Amino acid sequence: MSLCESIATMELLHLVFTSLKYTSFALVTSLLLLIAYRVTLHPLRKYPGPFLASISDAYAGFYAASMSGHVQTRQDQLKYGKIMRYGPNRLIFSSSRALKDIYQNERIAKSYVYQYTSVTPGVYSLFNVVDKDAHRFKRKLIGQAISERSMKAFETTMLEQIDIFLHILAASSGSPVNMTEKLKRLSMDIVGLLAFGVPLETQTDPRNRFLISAHAFGNFRSNLFMQFPFIRATRIYNLLERLATADVLHYFSTIEGIIASRVAEDVHARHDLYSIVADQMNPDSEYLKGSEIWAEAVFFLPAGADTTATCLCAALFYLAHNARVYERLARETRTTFGAGEDIRGGPTLASCHYLRACIDETLRLSPPGSGTLWRELSTADKLGEPLIVDGHVIPPGVQVGVNMYAHHHNEEYFPEPFAYKPERWLEFDTPAAQRKQMLDMFVPFSLGVRNCPGKAMAYQEASLVLAKTLWYFDFSFAAGDLGKLGAGNAKLGTGRERENEYQLYDIVTATHDGPNLIFVPRVRSENASADL
Ligand code: HEM
């Protein structure tokens, strides 16, 4: 290299270093200015909350990554109170007034962060569509598949799957059964049949079981993006997905196969979601992954499966933990129905008030969607008046929400918030005024136009599974450490130390493990075994 070339190289390096120095300086200064603004001048500066949350969404992102956002939000709420700044532009509330002002308010829409959960950019499902007109259209259509009426038509299919589940329990012959595994499979098979009439058969055949973990992976990603939107911009997650290419491709080809096999049949060959939406959401055979039906499928399957499975796992955990509740529910079930096969939807099942109370108390203690459902003033709002939530003027661009888990453990409304007390929901056991106050605060399915349309299906499935399981079996925790799976303990960290609380890991829906239960068939008569 000649002297001239060396000098030119050095000058270039000098230029690069100088630009880097000034760029870093500019970046650090802007960052410090932004932090200073968020802390001292921002319109939300007066609200209490964790300092780190006030300067960055990374705070919520950290807890989303550890799947403990719900637990931490409650801890923070105990410290900072019922209105908390939980991000530079975010406020979390906890009151019945706030619930109404946020979720039953026509001026409010889902936050833009929901759109970050879409698998194909620009193609939205019922869950993540923000535009109000597009939502109304989808909701009307898809709501038909999971309405109470539709559930009546679907009940026989649901019962067939529950029978398979009961046989699996009977075949366990006293060995511990991990209920998360079994119930996630049961609910996945049910929702697969409801969506596309496809027998996924995860209960009996391992081939499609990977769908369950694939959905958990997708939901984890969605939660991270919603709590810490910046992470989406970094595209780190896309890199991770590229590393898992084989799994992602396997997932896509399976969903493609499911949709394609249904499309090959006559639209009205069976009563399922597809038969209802097919005319309006035609799958694009060239690019199925970019179609609306695809977007609906990848949301509908986990939305319908994970949530109900969580409710059932938690219910069995609390029943095994609370002998008095277990006995009362067993008595109600076993005296109401003469035979296990008589347990079907209808007035007799609806008359099992204690069963309903047990499900509701489970949904209060362990809401399957335990996080904060972010909302903001709709871009379509033209009123020109400030948005008011619980008496507070919400500045433009600020997201508001109620955290389901923290809210359901608010001691002011639910005395002994961590106790499993189904009686609190019963007319004769709890004074009317207190019950009314609790009912106003009890929102596991959310409220308003974006509430859960799968509520009827969830109660039907949960009621049938619980009643039938208790009719055919007695159950208890497995012995020793195995029987502690799913329970809290001090090693899991602050807020997770209660042994009587079923531990959920928030990923929009929830992941969990256990409980490990031992099942003993209750009736050994010939009729009973034939029944099963
Ligand atoms: C115990 C069971 C369930 C619980 C606790 C539950 C809870 C919820 C909650 C809290 C939301 C609002 C989410 C948000 O605003 O971000 C929601 C929405 C939704 N759920 Fe459920 N869900 C359950 C079961 C189901 C089932 C069985 C289905 C269907 C098969 C379903 C389908 C949906 C759909 C489609 C939405 C989006 C609705 C919209 O945005 O208009 N859910 N659910």
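Each ligand, and each atom within it, is numbered from 1 in the order the structure gives. This is a predicted model, so every value here is computed, not measured.
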What I want to know is whether His135 and ligand 1 share at least one N or O pair that is separated by under 3.5 angstrom. yes
I want to know if ligand 1 touches Arg450 in the polar sense, i.e. an N/O pair below 3.5 angstrom. yes
For [X], take its heavy atoms, then give the atoms of ligand 1 lying under 4.0 Å from any of them.
X: Lys110; result: 14 (C), 15 (O), 16 (O), 40 (O)
X: Ala458; result: 1 (C), 2 (C)
X: Gly304; result: 26 (C), 27 (C), 28 (C), 29 (C), 30 (C)
X: Arg139; result: 38 (C), 39 (C), 41 (O)
X: Met404; result: 10 (C)
X: Ile146; result: 29 (C), 30 (C)

Between Trp425 and Phe442, how do the two ring planes meet: parallel, tilted or perpendicular, split at 30° and 60°? tilted
Mind checking whether Tyr114 and Phe127 have parallel, tilted or perpendicular rings, split at 30° and 60°? perpendicular
Check ion pair [X]-[Y] (N to O, under 4.0 angstrom):
X: Arg328; Y: Glu423; answer: yes
X: Arg97; Y: Asp101; answer: yes
X: Lys110; Y: Glu376; answer: no

So, do [X] and [Y] sit near enough that their side-chain heavy atoms are less than 4.5 Å apart?
X: Leu316; Y: Phe475; result: yes
X: Arg450; Y: Arg139; result: no
X: Gln399; Y: Val113; result: yes
X: Lys82; Y: Asn410; result: yes

Does only the side chain of [X] get under 4.0 Å from ligand 1, or the backbone, or both, or neither? Count heavy atoms.
X: Lys455; result: neither
X: Thr310; result: neither
X: Leu126; result: both
X: Arg375; result: side chain
X: Lys138; result: neither
X: Glu461; result: neither

Is Asn451 close enough to touch ligand 1? Criterion: a residue heavy atom under 4.0 Å from a ligand atom. yes
Any heavy atom of Tyr114 closer to ligand 1 than 4.0 angstrom? yes
State whether the number of non-hydrogen atoms from other residues, nucleotides or ligands found under 6.0 Å of Phe62 atom CZ is greater than 12. no
Starting from [atom], locate the nearest protein heavy atom and write down its residue, its atom name and how far away it is, to 0.1 Å.
atom: atom 35 (C) of ligand 1; answer: Phe299 CE2, 3.3 Å
atom: atom 4 (C) of ligand 1; answer: Phe445 CE2, 3.5 Å
atom: atom 24 (C) of ligand 1; answer: Thr307 OG1, 3.1 Å

Heavy atoms of Val71 and Tyr405 approach each other most closely as CA-CE2, 4.1 Å
Nearest candidate to atom 42 (N) of ligand 1, where distance is taken over non-hydrogen atoms, out of Cys452, Pro453, Ala462: Cys452
Restricting to heavy atoms, the pick from Ser366, Gly369, Pro444 nearest atom 10 (C) of ligand 1 would be Pro444
Within the 3.5 Å criterion, strictly below it, is a donor on Ser68 or Arg496 matched to an acceptor on the partner's side chain? yes
For Phe196, is the NZ or CZ atom of Arg262 found under 6.0 angstrom from the centre of its six-membered ring and inside 45 degrees of the ring axis? no
